[in-house]
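Working notes for the structure below.
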Amino acid sequence: MASFTRQNDRGFPRSDPLLGKLPAELVIAIMVQLPDVQCLTNFYKASPRALSIFKENRGYLLKQLLRGRLGCLLPIAVARLEASKAEWTPEIPLRVTKLCDGYDGKCIALCHHYLADQVRELRVPNRYFTLERARELLSFHDRVSDWVNTFSAGVLVKPSRYKFHSRHQPPADDLEWYPVAKTLYTTELASILIPVRYDPVPRG
């Protein structure tokens, strides 16, 4: 696996002739096991054939990479990302006196599309997953992971045997880690979708 990180004098990964001889199925199996987007990028740059396989299977590869890192949190992570980019969501802190027309319907539609039917299975198409979206999803997830690690070290009485960070995803039924992480995602999503008015407190 070290071959795809070797670089030439210009800083680009050296082409590895061995990758060109592997079956496409095996190359894909290797790609989906890589820990992050940067490693995936280094890998497909190491061989023209690997690059071709990546382009043909981009969405699937990124989806599987993200699923390996986020596990059952991937659906709510996608919902949080889409909510954060929606033009109709209010600014934080809320600076408007009236929400946009049809706000309730848009909010319900977003939750229904990204959450209601995806409790156990992510149903967005593979083409949804781009390098940019993958980086954004992983960036926020890393912050969640850091917080959960800090919280567990200082609060949880019985530390989990799993380290919840980039390369060691705990199982979804872990009774200590998963609920804390999901709570953070849910809180972030709610803070985006449910507006809070910062009006002066009336006297008397």
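Sequential numbering from 1 along the given sequence is applied to the chain's residues.
Taking 4.5 Å as the limit, every side-chain heavy atom of Tyr44 sits out of range of all side-chain heavy atoms of Ser52. Side-chain contact between Trp147 and Leu184: present, with at least one pair of heavy atoms (C-beta onward) separated by less than 4.5 Å. No side-chain heavy atom of Phe129 sits less than 4.5 Å from a side-chain heavy atom of Arg58. Side-chain contact between Cys72 and Tyr178 is present, with at least one heavy-atom pair separated by less than 4.5 Å.
Aromatic pair Phe140/Tyr185: ring centres closer than 6.0 Å.
Nearest approach of Ala79 to Leu110, heavy atoms of both residues: O-CD2, 4.2 Å. Nearest heavy-atom pair, Leu115 versus Ile76, reported as atom, atom and distance to 0.1 Å: CD2-CA, 3.8 Å.
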> Given Asp36 and Arg135, is the salt bridge (Lys or Arg N to Asp or Glu O under 4.0 Å) satisfied, shown in steps?
Replying inline: CA-CA 9 Å; Asp36 53 47; Arg135 290 190 180 99; over 6 Å; no
> Would Lys45 and Leu51 satisfy side chain to side chain contact (heavy atoms under 4.5 Å, CB included), going step by step from the backbone distance to the final call?
Replying inline: CA-CA 6 Å; Lys45 284 183 177 179; Leu51 176 60; 6.0 Å; no
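With rounding to the nearest 0.5 angstrom, the CG atom of Leu61 is 9.0 Å from the CG atom of Asn126. How far CG of Leu193 is from CG of Leu189: 4.5 Å, rounded to the nearest 0.5 Å. The distance from atom CG of Leu65 to atom CE of Met31, rounded to the nearest 0.5 Å, is 11.0 Å. Summarising the geometry, atom CZ belonging to Arg80 is positioned 9.0 Å from atom OG belonging to Ser191; distances are rounded to the nearest 0.5 Å.
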